[in-house]
Amino acid sequence: MTTESKAEKDNECPAQALLKLLSGKWKPEIFLLAVEGPLRFNTLLRDLKGSNKQSIAVALRELEDFELLDKKIIKLKPLHIEYTLSEKGKSLIPVFKQLELFLEK
């Protein structure tokens, strides 16, 4: 890491990385749906009008990489994958509720 990039990182607002992550295409919608229960890829494609396989796959991967979603492979016939909120993801629910309250004022 260069001195300049380390200095930039030190000056970055702590919430900035999270806001960048959640501002990506489809991520807020996916997070909101995950609050309601487990998600499946094809259900997301159907529910998120205008989405496509690539954009949903990228959003899911980034949310999983940031440890907001857990990926579980269900080895029943047919094989499928479910995404659920991780503990880290669940800890963000009160933050989103506060944002909703703020916007209602």
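Sparse packing is recorded around CD of Gln54, with 12 or fewer heavy atoms of other residues, nucleotides or ligands lying under 6.0 Å away.
Nearest heavy atom pair, residue Leu48 against residue Glu29, reads CD2-CB, 3.6 Å. Closest non-hydrogen pair, Lys27 versus Ala59, comes out as CG-CB, 3.8 Å. The minimum heavy-atom distance between Ile30 and Leu39, with the atom names listed, is O-CD1, 3.6 Å.
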Side chain to side chain contact (heavy atoms under 4.5 Å, CB included) assessment of Phe31 paired with Leu92: CA-CA 10 Å; Phe31 187 87; Leu92 286 175; 3.9 Å; yes

Step-by-step side chain to side chain contact (heavy atoms under 4.5 Å, CB included) determination, Ile74 to Glu82: CA-CA 7 Å; Ile74 312 291; Glu82 286 186 347; 4.2 Å; yes

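Side chains of Ile56 and Leu60 form a contact here, defined as non-hydrogen atoms less than 4.5 Å apart.
A continuous path of ILVMFWY side-chain contacts below 4.5 Å connects Leu69 to Ile73, so both sit in one hydrophobic cluster.
In this structure, the side chain of Lys88 does not engage the main chain of Leu85 through any donor-acceptor pair within 3.5 Å. Under the 3.5 Å distance criterion, the side-chain polar atoms of Ser86 are left unmatched by any main-chain donor or acceptor of Asp70.
Taking 4.0 Å as the cut-off between side-chain N and carboxylate O, Glu87 and Lys90 count as a salt-bridged pair.
Summarising the geometry, atom CZ belonging to Arg46 is positioned 10.0 Å from atom CZ belonging to Arg40; distances are rounded to the nearest 0.5 Å.
Judged purely by distance below 3.5 Å, without hydrogens or angles, the side chains of Ser51 and Trp26 never pair a donor atom with an acceptor atom.
Ring centroid separation for the pair Tyr83 and Phe41 does not come in under the 6.0 Å cut-off.
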